Amino acid sequence: MKIEKTNSGNIAVYHKGTKMADIWGVMDRMAEAMMHACFGMVVHESDLPEGFLDLKSGVAGEILQKFSNYRMKIGIVGDFRNVTSHALQCFIAESNRGRSVFFCETPESCIEALQNAC
């Protein structure tokens with residue numbers, strides 16, 4: 001993990017390959033970020049628990065509810081241009097219009113989105 005210091009506060013940036021097997025792995029990363037006084041974190045989509053991008057699984061809802069409960073913002077890095085699920089396309093677009101969850105192509109664009117959301 002790298003701490004990115006911004007004008008808005010600290011953001012925990014997790015390197016690709018920091019796999020989180022389940023909701024508890026995500027919660028561990030969130031707790032680690034909070035210990036470093038971070039208001040947000042950046043993770044790679046491939047490191048999120050299995051089924052995250054399958055909205056029917058409920059994994060995304062469960063994880064993102066935890067971020068909402070703890071008032072932690074998240075940037076998710078990945079290539080989302082070729083998403084075929086209409087529901088997932090809408091979910092990504094709606095999230096990116098909000099102020100808490102962002103789907104971006106690079107860690108830098110996630111950091112910028114998180115900083116601008118403050």
Side-chain angles (χ1 to χ4, degrees):
M1 173 184 71
K2 173 185 161 194
I3 303 296
E4 185 73 31
K5 295 183 184 298
T6 72
N7 293 335
S8 302
N10 294 342
I11 299 172
V13 181
Y14 287 91
H15 305 286
K16 189 171 185 176
T18 311
K19 186 71 176 159
M20 296 166 271
D22 54 25
I23 184 70
W24 301 112
V26 175
M27 295 296 295
D28 287 345
R29 297 288 185 281
M30 187 187 302
E32 180 180 36
M34 292 172 103
M35 285 176 39
H36 288 90
C38 295
F39 74 89
M41 56 190 271
V42 174
V43 299
H44 289 263
E45 175 272 322
S46 59
D47 292 332
L48 289 168
E50 192 72 33
F52 182 83
L53 292 181
D54 177 7
L55 297 180
K56 292 178 187 176
S57 72
V59 174
E62 184 178 5
I63 289 171
L64 297 178
Q65 184 62 50
K66 297 291 186 195
F67 278 86
S68 176
N69 290 349
Y70 289 98
R71 293 188 175 105
M72 172 76 69
K73 298 177 186 303
I74 184 170
I76 301 167
V77 179
D79 184 359
F80 304 106
R81 294 173 294 186
N82 297 321
V83 170
T84 57
S85 164
H86 179 69
L88 183 56
Q89 288 174 348
C90 292
F91 178 73
I92 290 171
E94 187 66 28
S95 294
N96 286 343
R97 282 192 288 274
R99 302 190 61 76
S100 299
V101 179
F102 301 94
F103 291 84
C104 306
E105 290 186 28
T106 66
E108 295 78 19
S109 57
C110 281
I111 291 166
E112 183 177 339
L114 290 168
Q115 184 175 358
N116 292 336
C118 289

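Residues take their numbers from the sequence shown, with the count starting at 1. It should be emphasised that the depicted structure is a prediction, and the values quoted were computed from it without experimental measurement.
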Apply side-chain contact (heavy atoms from CB on, under 4.5 Å) to the pair L88 and F80, showing each step before the final yes or no. CA-CA 9 Å; L88 183 56; F80 304 106; over 6 Å; no
R81/D79 ion pair, N-O < 4.0 Å: yes
Is there a side-chain contact between E94 and F91 in this structure, where contact means two heavy atoms from C-beta onward sitting under 4.5 Å apart? no
Is there a side-chain contact between H44 and P107, using heavy atoms and a 4.5 Å cut-off? yes
Distance, nearest 0.5 Å, that separates [atom1] of [X] from [atom2] of [Y]:
{"X": "Q89", "Y": "N82", "atom1": "CD", "atom2": "CG", "result": "10.0 Å"}
{"X": "D22", "Y": "I63", "atom1": "CG", "atom2": "CD1", "result": "8.5 Å"}
{"X": "D28", "Y": "M20", "atom1": "CG", "atom2": "CE", "result": "10.5 Å"}
{"X": "C90", "Y": "L55", "atom1": "SG", "atom2": "CG", "result": "10.0 Å"}
{"X": "H36", "Y": "K5", "atom1": "NE2", "atom2": "NZ", "result": "9.0 Å"}
{"X": "M30", "Y": "K66", "atom1": "CE", "atom2": "NZ", "result": "8.5 Å"}

Do the side chains of [X] and [Y] join up, straight or via other hydrophobic residues, at under 4.5 Å, putting them in one cluster?
{"X": "I74", "Y": "F52", "answer": "yes"}
{"X": "F39", "Y": "V13", "answer": "yes"}
{"X": "L114", "Y": "V43", "answer": "no"}
{"X": "I23", "Y": "F67", "answer": "yes"}
{"X": "V26", "Y": "M35", "answer": "no"}

Determine yes or no for a side-chain-to-main-chain donor-acceptor pair under 3.5 angstrom, with S109 supplying the side chain and C104 the backbone. no
Smallest separation among heavy atoms of [X] and [Y], with atom names:
{"X": "S46", "Y": "K16", "value": "OG-CE, 3.5 Å"}
{"X": "V59", "Y": "P49", "value": "CG1-CB, 4.2 Å"}
{"X": "K73", "Y": "C118", "value": "CE-SG, 4.1 Å"}
{"X": "N96", "Y": "F102", "value": "OD1-CA, 3.2 Å"}
{"X": "M41", "Y": "A33", "value": "SD-CB, 4.4 Å"}
{"X": "C110", "Y": "V77", "value": "SG-CG2, 3.7 Å"}

Carefully, step by step, assess Y70 and M27 under the rule side-chain contact (heavy atoms from CB on, under 4.5 Å). CA-CA 10 Å; Y70 289 98; M27 295 296 295; 3.6 Å; yes
Using a 6.0 Å cut-off, check whether atom NZ of K19 has over 12 heavy atoms from anything other than its own residue. yes
Does CD in E50 sit with more than 12 non-hydrogen atoms of other residues, nucleotides or ligands closer than 6.0 Å? no
side-chain contact (heavy atoms from CB on, under 4.5 Å) assessment of N7 paired with Q115: CA-CA 8 Å; N7 293 335; Q115 184 175 358; 3.7 Å; yes
